[in-house]
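Below: the structure, in structure tokens.
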Amino acid sequence: MSSHEANANIMESQNNDRISELSDQVARLKGLTLDIGNEVSEQNNLLDGMGDSFGNVGDMLTGSLARMGIMLERGGAKHMCYLVAFVVFVMVFLYW
């Protein structure tokens with residue numbers, strides 16, 4: 001075995017070691033990208049659910065404002081004063 005063959009064998013061995021290291025790194029990156037993909041999917045589902053919830057809350061607020069408008073049209077000034085006092089009380093209570 002000549003020195004040229006010995007050098008070739010050493011380089012081949014080093015190349016195989018590097019290939020194994022790169023293969024391990026690629027496998028780790030693949031796992032990481034799959035985990036990121038799963039996390040993104042979960043976050044999208046959560047955001048979709050939150051969007052639906054906010055839409056429902058918006059509908060509820062629209063209905064509440066419509067009912068308050070009807071109450072004001074019927075001369076419910078006394079009730080409106082009670083409502084304002086209640087809201088102020090709740091805000092003060094939550095502030096403390």
Side-chain angles (χ1 to χ4, degrees):
M1 186 188 240
S2 69
S3 67
H4 178 67
E5 291 175 357
N7 284 340
N9 287 338
I10 291 172
M11 291 185 76
E12 185 70 27
S13 175
Q14 289 175 345
N15 284 341
N16 289 338
D17 291 342
R18 298 285 190 259
I19 289 172
S20 292
E21 290 173 11
L22 286 174
S23 177
D24 292 343
Q25 289 178 356
V26 167
R28 281 195 303 261
L29 286 174
K30 181 180 177 183
L32 182 62
T33 55
L34 289 175
D35 290 343
I36 289 172
N38 291 337
E39 183 66 26
V40 167
S41 295
E42 290 174 12
Q43 295 295 325
N44 282 338
N45 290 337
L46 178 66
L47 289 173
D48 288 342
M50 287 176 63
D52 293 342
S53 296
F54 282 120
N56 293 338
V57 169
D59 293 341
M60 286 176 24
L61 286 175
T62 301
S64 296
L65 289 175
R67 286 190 296 274
M68 285 178 60
I70 291 170
M71 184 178 69
L72 286 175
E73 289 175 1
R74 292 183 180 167
K78 180 180 174 184
H79 291 9
M80 188 54 125
C81 289
Y82 288 144
L83 179 63
V84 169
F86 175 74
V87 169
V88 169
F89 173 75
V90 167
M91 295 299 266
V92 169
F93 180 75
L94 290 175
Y95 179 75
W96 294 103

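What you see is a predicted model; the values in this text were computed from it and never measured.
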Atom [atom1] of [X] and atom [atom2] of [Y]: how far apart are they, to the nearest 0.5 Å?
| X | Y | atom1 | atom2 | result |
| --- | --- | --- | --- | --- |
| E39 | D35 | CD | CG | 9.0 Å |
| L29 | L22 | CG | CG | 10.5 Å |
| L46 | E42 | CG | CD | 9.5 Å |
| N15 | I10 | CG | CD1 | 12.0 Å |
| M50 | D48 | CE | CG | 11.0 Å |
| S41 | I36 | OG | CD1 | 12.0 Å |

Linked, directly or transitively: [X] and [Y] (ILVMFWY side chains, under 4.5 Å):
| X | Y | value |
| --- | --- | --- |
| L32 | V40 | yes |
| V26 | L34 | no |
| V84 | V92 | yes |

Could you go through residues 55-65 and list every donor-acceptor pair under 3.5 Å that involves a side-chain atom there, pairing it with any protein atom two or more places apart or in another chain?
unit_1, atom_1, unit_2, atom_2, d
N56, ND2, D52, O, 3.4
T62, OG1, G58, O, 2.8
S64, OG, M60, O, 3.0
S64, OG, R67, NH2, 3.3

*Would you say the side-chain atoms of Q25 and E21 include a donor-acceptor pair closer than 3.5 Å?*
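Result is no, nothing qualifies.
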*Between the main-chain N or O of N9 and the side-chain N or O of S13, is there a donor-acceptor pair closer than 3.5 Å?*
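No, the answer is negative, given that no donor and acceptor are paired below the 3.5 Å cut-off.
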